[in-house]
Protein chains: 2
Amino acid sequence: MSKDSKIPNPTIQRLAIYSRPLEILLESGLPVMSSEKLAGLCGVNPAQVRKDLAYFGEFGIRGVGYDVRDLLQAIKGILATDREWALCIVGMGHLGSGLVQSENFKKRGYMVKAAFDSDAGKVGRKLACGLTIQSASGISQTVRKLGIEIGLITTPPHEAQRVAHLLQEGNVGAILNFTTIQIRTRKKCVIENADLSVKFENLVYHLEQLDKV
Amino acid sequence: MSKDSKIPNPTIQRLAIYSRPLEILLESGLPVMSSEKLAGLCGVNPAQVRKDLAYFGEFGIRGVGYDVRDLLQAIKGILATDREWALCIVGMGHLGSGLVQSENFKKRGYMVKAAFDSDAGKVGRKLACGLTIQSASGISQTVRKLGIEIGLITTPPHEAQRVAHLLQEGNVGAILNFTTIQIRTRKKCVIENADLSVKFENLVYHLEQLDKV
DNA sequence: AATGAATTGTGAAATAATGCACATGAGTGG
DNA sequence: CCACTCATGTGCATTATTTCACAATTCATT
Ligand SMILES: NC(=O)c1ccc[n+]([C@@H]2O[C@H](COP(=O)([O-])OP(=O)(O)OC[C@H]3O[C@@H](n4cnc5c(N)ncnc54)[C@H](O)[C@@H]3O)[C@@H](O)[C@H]2O)c1
Ligand SMILES: NC(=O)c1ccc[n+]([C@@H]2O[C@H](COP(=O)([O-])OP(=O)(O)OC[C@H]3O[C@@H](n4cnc5c(N)ncnc54)[C@H](O)[C@@H]3O)[C@@H](O)[C@H]2O)c1
C-alpha cells in the first residue's frame, strides 16, 4: 500500500480531480458519497474510483460509501496538499502576471515567495500581491535563501532551460514549466510540463476530425 | 488515415510536442532529423516517434531520416494547425486577461474574436489587442454571428457549466476549460480540460515522494 | 558493383491501465 | 436472527500503449 507498489500516474491526476467535487459537496453538507456518484461527476468509471483509492488504503464503508470529509482529507494527505508550499515565478509577462495575481494559489496553500524577470524595466515593479519583481540574476541565491521548493517558468521558450538550471542551483525540488520546450534535468528534480498549446492542438485535431465525419 | 484505425490520444499530444523543436531546427537551417535525435529532444523513445508518425503515413527516408520542413508541415497538416481558428474567451479575470494579451495566440493562428465577462465594471473596457470586453449575456448570439469555433472558459468554476451551455448554444465545436470542474456535454462538442491545479498537485505529490526516500 | 553504416517502418512481445463481476461486509426491516 | 439491499474492495480478463528487434531501404566509400 504505502509500499512502492508503483502507483499509476493517471491515478494521481484523478485523485486531484476527485477532490474538486468533494470540496463542493462538503460545503453543501452532504455527508456520504458513493464511488458511482463521484465517478459520474468526474466522468470516469466507478471501478476506477475504487481502484484508485485502493492503492492507498481502505477509505470507504461497504454497503454505505465514503464519508465526504474523511475522503477529502485522505486525498489531500496523499497528494500532500494539506500543507503549504513555497514557490516562485520566473518570467513576469502576461501569463506569469496572470497566474501570480490570482487568488487561487494562496487559497490552496501555494505561497508565492518571489517573482523574477530579466527585463530591467520590470525589475522593481511592485505587484498587487505585495511582492516586488526581482532581477533574474539573483534566482539561485534567493531561491535557496527563501527555501523555495517549487519554481514556475513562464519565460519565452528559449530561456527555459537556462532558468531551470538556475532554479536547480538554488535547490528547488520541482519545476512547473509553461513554455513549449521540454526541459531536461540532471539533478533529482521533478519536472512537469504544462504546455498549453498542446491542449490547443489536441482540441483542434479532434475538432477537425468531428467536421470530417 | 481517414480509416478510423483509432489513433491513441497520447500520440496526438506527442505530435504537438515534436513540432516545437522542429520549428526551432527549421529556423536554424538544419535540413534533416532522425527519430533518435527528435526523441532525445522530446524525452521519448525513438520507436515511439516512428510509430506515432506511422499512424498517418510514411514521412521519412530509410537510412537518412526526416526532412525537417516536410515533417513539420505534415504534422501541422495532421493537427490542423495549418489554418486559422476563431476563438473567444469567457471570463476576463487574471488568467483570461493574461492569455488573451499574449502574442502566442495570433502567432499560431488562433484569432481571438471576442472576450466576455459578466462583471459590469469590466464590460466595455478596451483591451490592448483591440477587442472590447462584451457582456456575457450576448455569448450565444455573438459566437454564432462571428462563427467562433473554439471557446475558452476562465470564469470561476461554478459558472463554467452554464457558460459551456451558452457556448454550445452559439454552436462552438470545442471548449477549452481552465476551471477546476469537469464540464459535461450533451451536444457533439470537443471538451478539453486544462485544470492547472491538477498539474500542481501532481508535482507536489511527486516532490513529497522524493523527500520520503 | 559490392560492402558497410545509418535509419526507417512495423510485427510481435512486453508493459500499463482500465473495466468487469463477484465475494464481502454494512445497514435495515421484519 | 435472518433475509435483503447496497456499495466497497479486488482478482482477473480485456484493452491500450510502449518498447523491442529486425527486415528493408538509402547513401557513402571503395
Ligand atoms: N500565454 C499563452 O497563451 C501561452 C500559451 C502557450 C504557451 N505559453 C508560453 O508561456 C510562456 C510565457 O508566455 P507569455 O505570453 O507570458 O510571454 P511574455 O513575453 O508576455 O512574457 C515573458 C516574460 O519573461 C521575461 N524573461 C525573458 N527572459 C527571462 C529570463 N531569462 N529570466 C527571467 N525572465 C525572463 C520577459 O522579460 C517577459 O516579461 C512562453 O514560453 C509561451 O510559449 C503561453
Ligand atoms: N489563475 C490560476 O493560477 C489558476 C490556477 C488553476 C485554476 N484556475 C482557474 O481558472 C479560472 C479563472 O481564474 P482567475 O484567477 O482568472 O479568476 P478571476 O476571479 O480573476 O477571474 C474570473 C473572471 O470571470 C468573470 N466571470 C464570472 N462569472 C462569469 C460569467 N458567468 N460569465 C462571464 N464571466 C464571468 C469574473 O467577472 C472575473 O472577471 C478559475 O476557475 C480558476 O479555478 C486558475
Side-chain angles (χ1 to χ4, degrees), chain A residues 1-18 21-22 25 30-72 74-75 78 182 198 202 205-206, chain B residues 1 3-18 22 25 30-72 74-75 78 198 202 206:
Chain A
M1 237 147 266
S2 47
K3 317 187 163 217
D4 28 39
S5 46
K6 260 303 233 51
I7 315 293
N9 223 306
T11 289
I12 304 302
Q13 314 248 115
R14 281 191 299 266
L15 286 182
I17 292 171
Y18 301 156
L22 287 175
L25 293 169
L30 188 84
V32 168
M33 183 85 222
S34 72
S35 62
E36 187 164 358
K37 293 224 193 74
L38 184 53
L41 290 169
C42 297
V44 303
N45 183 295
Q48 184 82 79
V49 172
R50 300 198 295 274
K51 181 144 289 190
D52 285 339
L53 294 171
Y55 283 111
F56 300 95
E58 305 199 358
F59 303 104
I61 303 168
R62 295 182 183 207
V64 180
Y66 300 90
D67 179 283
V68 172
R69 181 185 306 274
D70 292 351
L71 183 57
L72 184 56
I75 291 178
I78 293 164
Q182 304 290 303
V198 170
N202 208 261
Y205 170 81
H206 288 293
Chain B
M1 180 196 209
K3 321 188 157 207
D4 25 40
S5 46
K6 260 305 229 56
I7 315 293
N9 223 305
T11 289
I12 303 302
Q13 313 249 114
R14 280 190 300 267
L15 287 181
I17 291 170
Y18 301 155
L22 287 174
L25 294 168
L30 187 85
V32 167
M33 184 83 219
S34 72
S35 62
E36 187 164 358
K37 293 223 192 75
L38 185 54
L41 290 169
C42 297
V44 304
N45 183 295
Q48 183 84 81
V49 171
R50 300 198 295 275
K51 180 140 288 189
D52 284 339
L53 295 171
Y55 283 112
F56 299 96
E58 304 198 359
F59 302 105
I61 304 169
R62 293 177 184 212
V64 180
Y66 300 89
D67 180 282
V68 172
R69 182 185 306 275
D70 291 352
L71 182 56
L72 185 56
I75 291 178
I78 293 164
V198 171
N202 209 260
H206 288 292

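Treat the numbers as computed from the prediction; the structure is a model and nothing was measured. Residue numbers begin at 1 in each chain, while the letters A, B, ... track the order of the sequences.
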**Student:** Taking side chain to side chain contact (heavy atoms under 4.5 Å, CB included) as the criterion, tell me which of B:Asp67, B:Leu71, B:Leu41, B:Leu72 meets it with B:Met33.
**Tutor:**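 Result: among B:Asp67, B:Leu71, B:Leu41, B:Leu72, B:Leu41 is the only option passing the side chain to side chain contact (heavy atoms under 4.5 Å, CB included) with B:Met33.
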**Student:** Between D:dT8 atom P and A:Glu36 atom CD, what is the distance in whole Å?
**Tutor:**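 After rounding, the reported distance stands at 8 Å.
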**Student:** Mind listing the N/O atom pairs, protein and nucleotides 16-19 of chain D, below 3.5 Å?
**Tutor:**
residue: D:dT18; atom: OP1; partner: B:Arg14; partner atom: NH1; Å: 2.8
residue: D:dT18; atom: OP2; partner: B:Arg14; partner atom: NH1; Å: 3.3
residue: D:dT18; atom: OP2; partner: B:Arg14; partner atom: NH2; Å: 2.8
residue: D:dT18; atom: OP2; partner: B:Gln48; partner atom: NE2; Å: 3.4
residue: D:dT18; atom: O5'; partner: B:Gln48; partner atom: OE1; Å: 3.3
residue: D:dT19; atom: O4; partner: B:Lys51; partner atom: NZ; Å: 3.3

**Student:** In whole angstrom, give the distance that lies between atom OH of B:Tyr18 and atom P of C:dT8.
**Tutor:**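 Result: 12 Å.
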**Student:** Within a 6.0 Å radius of atom CD on B:Glu36, are there more than 12 heavy atoms belonging to other residues, nucleotides or ligands?
**Tutor:**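 Counting other residues, nucleotides and ligands, CD of B:Glu36 stays at 12 neighbours or fewer.
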**Student:** Write down the distance between CG (B:Leu38) and P (C:dT7), rounded to a whole number of angstrom.
**Tutor:**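 Checked: the CG to P distance equals 13 Å.
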**Student:** Of all residues at least two apart in sequence or in a different chain, which pass the side chain to side chain contact (heavy atoms under 4.5 Å, CB included) check with B:Val64?
**Tutor:**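 Result, side chain to side chain contact (heavy atoms under 4.5 Å, CB included) vs B:Val64: B:Val32, B:Ile61.
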**Student:** Give the B/S/- string for nucleotides 22-30 of chain D, one per nucleotide from 5' to 3', where a protein heavy atom under 4.0 Å of the base yields B, of only the sugar-phosphate yields S, and otherwise -.
**Tutor:** --BBBS---
**Student:** Counting only side-chain nitrogens and oxygens, does B:Ser35 get under 4.0 Å of the OP1 or OP2 atom of C:dT8?
**Tutor:**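 Result: yes.
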**Student:** By side chain to side chain contact (heavy atoms under 4.5 Å, CB included), which residues pair with A:Pro10, not counting sequence neighbours?
**Tutor:**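 Only A:Pro8, A:Arg14 meet the side chain to side chain contact (heavy atoms under 4.5 Å, CB included) criterion with A:Pro10.
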**Student:** Determine the minimum heavy-atom distance between A:Ile17 and A:Pro21, stating which atoms define it.
**Tutor:**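 For A:Ile17 and A:Pro21, the tightest heavy-atom pair comes out as O-CD, 3.2 Å.
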**Student:** Taking the side chain as every heavy atom from C-beta outward, state whether B:Arg50 and B:Tyr66 have any atom pair closer than 4.5 Å.
**Tutor:**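 Of all side-chain heavy-atom pairs linking B:Tyr66 with B:Arg50, at least one is under 4.5 Å.
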**Student:** Tell me: CG of A:Asp67 to C1' of D:dA7, nearest whole Å?
**Tutor:**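 Value for this atom pair: 15 Å.
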**Student:** With DNA chain C as reference, determine whether B:Ala54 or B:Lys37 sits nearer its 5' end, using the nearest nucleotide of each.
**Tutor:**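 So the residue in question is B:Lys37.
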**Student:** Apply the test side chain to side chain contact (heavy atoms under 4.5 Å, CB included) to residues B:Asn9 and A:His206: give CA-CA distance (whole Å), side-chain angles for both, the deciding distance (0.1 Å), then the verdict.
**Tutor:** CA-CA 10 Å; B:Asn9 223 305; A:His206 288 293; 3.7 Å; yes
**Student:** Write down the distance between CZ (A:Phe56) and P (D:dT8), rounded to a whole number of angstrom.
**Tutor:**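 Taking atom P of D:dT8 as the reference, CZ of A:Phe56 is at 18 Å.
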**Student:** Starting at CD of A:Glu58 and ending at P of D:dA7, how long is that distance when rounded to a whole Å?
**Tutor:**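 That distance rounds to 18 Å.
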**Student:** Please identify each residue that fulfils side chain to side chain contact (heavy atoms under 4.5 Å, CB included) with A:Ile78, with sequence neighbours left out.
**Tutor:**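 So A:Ile78 forms a side chain to side chain contact (heavy atoms under 4.5 Å, CB included) with A:Leu15, A:Phe56, A:Phe59, B:Tyr205.
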**Student:** Please enumerate all residues that pass side chain to side chain contact (heavy atoms under 4.5 Å, CB included) together with A:Ala39, with sequence neighbours excluded.
**Tutor:**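 In terms of side chain to side chain contact (heavy atoms under 4.5 Å, CB included), with neighbours along the sequence ignored, A:Ala39 is linked to A:Val44, A:Pro46, A:Val49.
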